[in-house]
Amino acid sequence: MPSLKVESGHQDTVHAVVMDYYGKRMATASSDTTIKIIGVSNTSSQHLATLTGHQGPVWQVAWAHPKFGSLLASCSYDGHVILWKEGNQNEWIQAHVFEDHKSSVNSICWAPHEVGLSLACGSSDGNISVFTARSDGGWDTTCIDQAHPVGVTSVSWAPAMAPGALVQSGSNFFEPVQKLVSGGCDNTVKIWKLYNGKWKMDCFPALQMHSDWVRDVAWAPNLGLPKSTIASASQDGTVIIWTVAKEGDQWEGTILMDFKTPVWTVSWSLTGNILAVGDGNNNVTLWKEAVDGEWQQVTTVEP
């Protein structure tokens with residue numbers, strides 16, 4: 001597919017661009033306080049809607065799985081998380097506004113659809129909140145208080161299927177796992193697991209190989225494969241690949257590379273075998289694990 005230049009129409013910096021499940025529309029978040037919905041094809045793009053309601057820069061947007069309808073979540077410096085619902089085509093309403101956080105909400109991530117409609121949010125107030133839809137249309141809230149006391153920068157859900165679930169004999173039914181990874185201004189990466197309705201830390205001690213703020217974390221899809229993998233990106237210029245073979249083992253960290261410039265974002269392919277890295281030199285590089293376990297750069301994405 002040839003590269004397509006898309007004019008966002010924003011009046012200020014664009015912080016996030018996310019494609020919907022079918023790759024037909026993208027949502028963009030900007031410092032101009034708005035979200036734009038843009039229709040894209042191989043050859044063209046068109047502006048479909050502008051969503052207004054935040055009072056500060058919008059840091060992230062996230063599409064819910066289409067089985068829950070046409071739903072989009074956004075988070076902002078204003079401390080609010082807004083759920084947007086599409087009624088008639090390209091007509092969006094604010095379905096819900098969460099005002100639980102006392103300062104900037106920096107990161108949002110929908111749970112795997114097998115878990116249900118759940119949204120994790122990380123904030124500069126140090127807390128992580130998880131909002132879960134009830135059948136009556138209301139929302140339940142669980143909170144990880146002071147997950148990273150100096151501020152949460154990023155959250156990412158674990159796949160619903162536990163590592164090795166496909167290879168265990170007789171496991172024709174699996175209970176979805178509910179786990180999160182978070183990164184923060186305390187330079188650490190932490191894993192959380194939901195036990196009996198309460199979130200508990202699931203790694204001891206916290207994963208600490210970065211020497212500056214963790215800017216992004218991303219839990220790789222595992223498709224039931226025998227290990228869990230997380231990527232973390234930091235202000236210190238490094239990306240670290242964390243792996244654990246089975247529940248209860250210690251996480252091991254390997255430096256993917258020192259990029260010598262802050263690394264802002266990491267994102268996995270749907271199959272979990274290719275990692276995209278966005279760094280402060282405006283480069284996007286793609287990485288793949290070789291047979292011997294070494295990570296190799298596959299390509300650079302040309303702007």
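Any value given below was found using the heavy atoms of this structure, including those in side chains, with hydrogens, waters and symmetry copies removed.
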I'd like to know if L194 and I128 are part of one continuous hydrophobic network [Ile/Leu/Val/Met/Phe/Trp/Tyr, side-chain heavy atoms within less than 4.5 Å]. yes
Is I93 isolated, or which residues cluster with it under the ILVMFWY side-chain rule of less than 4.5 Å, directly or via members? none
Any donor and acceptor pair, going by atom type alone, linking the side chain of Q60 with main-chain N or O of I108 inside 3.5 Å? yes
Whether the D236 and H210 side chains hold a donor-acceptor pair (N or O, under 3.5 Å, no angle test) is what I'd like checked. yes
For G53 against Q94, the heavy-atom pair lying closest together: CA-NE2, 3.5 Å
Would you mind reporting whether V266 and V239 have side-chain heavy atoms less than 4.5 Å apart? yes
Under a plain distance cut-off of 3.5 Å, with no hydrogens placed, do W287 and T285 share a side-chain donor-acceptor pair? yes
Can you confirm whether V217 sits close enough to V155 that some side-chain heavy atom of one is under 4.5 Å from a side-chain heavy atom of the other? no
From I230 atom CD1 to I241 atom CD1, the distance as rounded to the nearest 0.5 Å: 10.5 Å
Please say yes or no: joined through hydrophobic side-chain contacts below 4.5 Å, possibly via intermediate residues, are W264 and F259 part of one cluster? no
Do the two ring centres, one from W251 and one from W219, sit under 6.0 Å apart? yes
If you look at every heavy atom in L4 and S44, which pair is closest and at what distance? CD2-O, 3.6 Å
Pairwise side-chain contact, M19 with V40, heavy-atom cut-off 4.5 Å (strictly under): yes
Any side-chain donor paired with an acceptor under 3.5 Å for T50 and H47? yes
Check the orientation of F98 and H96. Use parallel for under 30°, tilted for 30 to 60°, and perpendicular for over 60°. tilted
So which pairs with a foot in residues 118-128 pass side-chain hydrogen bond (donor to acceptor under 3.5 Å, both in side chains), sequence neighbours left out? H101-D125, N106-S124, S118-T132, S123-D125, N127-Q146
Rounded distance [0.5 Å steps], NE2 in H10 versus CG in D32: 5.5 Å
Closest non-hydrogen contact found for G237 with D258 is O-OD1, 3.4 Å
List the atom of W157, the atom of K179, and the distance in Å for their closest heavy-atom pair. CE3-O, 3.5 Å
For R215 and S107, does a side-chain donor sit closer than 3.5 Å to a side-chain acceptor? no
C185 and T153, any side-chain heavy atoms less than 4.5 Å apart: yes
For L117 and L71, what are the C-alpha separation, side-chain angles and deciding distance, and is it a side-chain contact (heavy atoms from CB on, under 4.5 Å)? CA-CA 10 Å; L117 191 60; L71 262 185; 3.8 Å; yes
Around W213, counting heavy atoms of other residues, nucleotides and ligands shown, do more than 12 lie under 6.0 Å from its CH2? no
L48/I38 under side-chain contact (heavy atoms from CB on, under 4.5 Å): CA gap, chis, key distance, verdict: CA-CA 5 Å; L48 301 176; I38 300 164; 5.9 Å; no
In terms of hydrophobic clusters joined by side-chain contacts under 4.5 Å, are W295 and V263 together? yes
Under the salt bridge (Lys or Arg N to Asp or Glu O under 4.0 Å) test, which residues partner K193, sequence neighbours left out? E247
Using residues 73-81 as the side-chain source, report each donor-acceptor pair under 3.5 Å to any protein atom, sequence neighbours left out, with the distance given to one decimal.
{"unit_1": "S74", "atom_1": "OG", "unit_2": "H54", "atom_2": "NE2", "d": "2.7"}
{"unit_1": "S74", "atom_1": "OG", "unit_2": "W84", "atom_2": "NE1", "d": "2.8"}
{"unit_1": "S76", "atom_1": "OG", "unit_2": "G56", "atom_2": "O", "d": "3.3"}
{"unit_1": "S76", "atom_1": "OG", "unit_2": "P57", "atom_2": "O", "d": "2.8"}
{"unit_1": "S76", "atom_1": "OG", "unit_2": "D78", "atom_2": "N", "d": "3.0"}
{"unit_1": "S76", "atom_1": "OG", "unit_2": "D78", "atom_2": "OD1", "d": "3.3"}
{"unit_1": "D78", "atom_1": "OD1", "unit_2": "H80", "atom_2": "N", "d": "2.8"}
{"unit_1": "D78", "atom_1": "OD2", "unit_2": "H54", "atom_2": "ND1", "d": "3.1"}
{"unit_1": "D78", "atom_1": "OD2", "unit_2": "Q55", "atom_2": "N", "d": "2.8"}

Hits for side-chain hydrogen bond (donor to acceptor under 3.5 Å, both in side chains) against W199, two or more places apart or cross-chain, chain-then-number order -> T142
Just verifying a value: how many Å separate L83 CG and K85 NZ, rounded to the nearest 0.5 Å? 9.5 Å
Check step by step if side-chain contact (heavy atoms from CB on, under 4.5 Å) holds for V18 and W63. CA-CA 8 Å; V18 189; W63 296 93; 3.7 Å; yes
So which heavy atom on A111 is nearest to which on G116, and how close? CB-O, 4.4 Å
Please round to the nearest 0.5 Å and tell me the distance separating atom CG of L180 and atom CE of M201. 13.0 Å
Say you draw a straight line from CH2 of W268 to OG1 of T229; how long is it, rounded to the nearest 0.5 Å? 5.5 Å
Are I35 and W92 packed together at the side-chain level, in the sense that at least one heavy-atom pair is separated by less than 4.5 angstrom? no
Answer yes if W110 and L72 sit in the same cluster of Ile, Leu, Val, Met, Phe, Trp and Tyr residues linked by side chain heavy atoms under 4.5 Å apart, and no otherwise. no
Can we say E294 and K288 salt-bridge, meaning some charged N sits less than 4.0 Å from an Asp/Glu carboxylate O? no
Between CG of N283 and OG1 of T300, what distance do you get to the nearest 0.5 Å? 6.5 Å
For the backbone of M161 and the side chain of N222, can you confirm whether one donor and one acceptor N or O come within less than 3.5 Å of each other? yes
Check the pair E86, R25 against salt bridge (charged side-chain N to carboxylate O under 4.0 Å, His left out), reporting the backbone distance first and the verdict last. CA-CA 13 Å; E86 187 181 28; R25 297 184 294 180; 3.0 Å; yes
Take a 6.0 Å sphere around NZ of K24 and say whether it holds more than 12 heavy atoms from other residues, nucleotides or ligands. no
Test log, rule side-chain contact (heavy atoms from CB on, under 4.5 Å), inputs K36 and S8: CA-CA 7 Å; K36 304 265 187 196; S8 73; 5.6 Å; no
Does the gap between the ring centers of Y21 and H65 come in under 6.0 Å? yes
For N88 and E91, indicate whether the former's side chain and the latter's backbone hold a donor-acceptor pair under 3.5 Å. no
Given the rule that I, L, V, M, F, W and Y join up when any side-chain heavy atoms are under 4.5 Å apart, are V181 and I240 in one cluster? yes
Is it true that a side-chain atom of S228 and a backbone atom of V244 form a donor plus acceptor pair closer than 3.5 Å? no
Holding to salt bridge (Lys or Arg N to Asp or Glu O under 4.0 Å), I want the full list of residues that pass it with D292, two or more places apart in sequence or in another chain. none
Quick one: closest heavy-atom pair of L275 and L256, and the distance? CD2-CD2, 4.2 Å
